[in-house]
Amino acid sequence: MTDEAELLLRDDRAVLVLPTRRENGENGENGENGDTGETDETDETDQRSAELADVLGADLADALAEWARVCAAMSRTGSGAGSEVVSRRGRQLAGRVAVRLGGPVRYRDPASGHSRVVRPGRSPAFARPPHGRAVDPTPPWATGLTVAAFAAVFVVVAMLALASTLASETAGWVAILAAAVVSAGLAPSLWLGRTVPVVRWLVLGAVVGTAVSWLGVLVIAFS
């Protein structure tokens, strides 16, 4: 019985060869036909080629197809440039294939021709970063709120300076209009950045600063 799938290249295509079990007959050590542990000819194939998208999903299949095209282009040029990158990418994809299949995958390096067995590792969400430091999922509240406070102060000072200048040089309604234009211009960027791990603290400060500055803008405009 072959327990390892195999990832290899054929021309410009990535091919996954899956293991197929060779089993004895159903009645103990001998099969129904009286053979000593042998099966019919149709069961003698230890491996079978599989359609990548059916087994691995479209996303991983597309990544393998792109990698295979790059390998084929590198092979045609014969320069060897980028072979290390191609090998490293192949090992990464073999690791993803092993995780998806839940078993070891034999990967044949297209640059060196050497084969190695890649076993499924842990999910990237639980992997440790370099130097063995664990990832702390707790948000950095102290640092984040400090950054948000600086962003809020900056927005308040900028908005009030703009409103004060426009109100003194023109009219109060011009200051309100300018503040509305600035707020509307900031809104899409703030909305897109609300889920980005680092930028979200700046977004929080900018939102708070904009809200607070509107109180000052209205006071300046109607004073």
Side-chain angles (χ1 to χ4, degrees), residues 1-138 196-197:
M1 172 173 134
T2 302
D3 293 329
E4 299 169 357
E6 185 175 6
L7 179 63
L8 47 85
L9 291 174
R10 289 178 182 168
D11 298 328
D12 59 346
R13 296 185 304 111
V15 177
L16 178 65
V17 182
L18 296 178
T20 300
R21 296 181 178 179
R22 175 182 292 177
E23 299 177 347
N24 293 333
E26 294 180 0
N27 298 328
E29 199 173 70
N30 295 333
E32 291 183 356
N33 297 330
D35 297 330
T36 57
E38 296 293 332
T39 55
D40 296 336
E41 280 189 10
T42 55
D43 294 331
E44 289 180 356
T45 301
D46 290 331
Q47 296 175 325
R48 61 183 175 86
S49 296
E51 291 294 335
L52 296 180
D54 295 339
V55 178
L56 304 176
D59 55 341
L60 185 50
D62 291 342
L64 287 168
E66 181 182 5
W67 171 71
R69 288 193 294 268
V70 172
C71 291
M74 186 185 70
S75 177
R76 285 193 295 267
T77 59
S79 62
S83 58
E84 178 61 29
V85 176
V86 169
S87 297
R88 184 166 61 250
R89 178 59 173 165
R91 291 193 297 270
Q92 293 173 350
L93 291 174
R96 291 177 57 186
V97 171
V99 171
R100 190 68 61 91
L101 296 180
V105 173
R106 180 170 294 276
Y107 161 68
R108 185 176 302 169
D109 193 318
S112 64
H114 298 156
S115 296
R116 59 180 296 176
V117 176
V118 179
R119 301 189 181 279
R122 292 180 297 177
S123 172
F126 300 99
R128 288 182 177 269
H131 310 299
R133 293 175 298 175
V135 176
D136 185 4
T138 305
V196 180

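Note that this is a predicted model, so its numbers are computed, not measured.
In terms of the salt bridge (charged side-chain N to carboxylate O under 4.0 Å, His left out) criterion, Arg96 has no residue partners (sequence neighbours excluded). With sequence neighbours left out, Arg91 forms a side chain to side chain contact (heavy atoms under 4.5 Å, CB included) with Glu84, Ser87, Arg88, Tyr107, Asp109, Arg116. Judged as a side chain to side chain contact (heavy atoms under 4.5 Å, CB included), and not counting sequence neighbours, the contacts of Val196 are Val199.
Counting heavy atoms from C-beta outward, Val117 and Val105 have side chains that stay 4.5 Å or more apart. Side-chain contact between Leu64 and Val97 is present, with at least one heavy-atom pair separated by less than 4.5 Å.
With a 6.0 Å radius and a threshold of 12 heavy atoms from other residues, nucleotides or ligands, Glu66 has its CD atom at or below the threshold.
For the pair Arg119 and Ala98, the tightest heavy-atom approach, listed with the atom from each and the gap, is C-CB, 4.0 Å.
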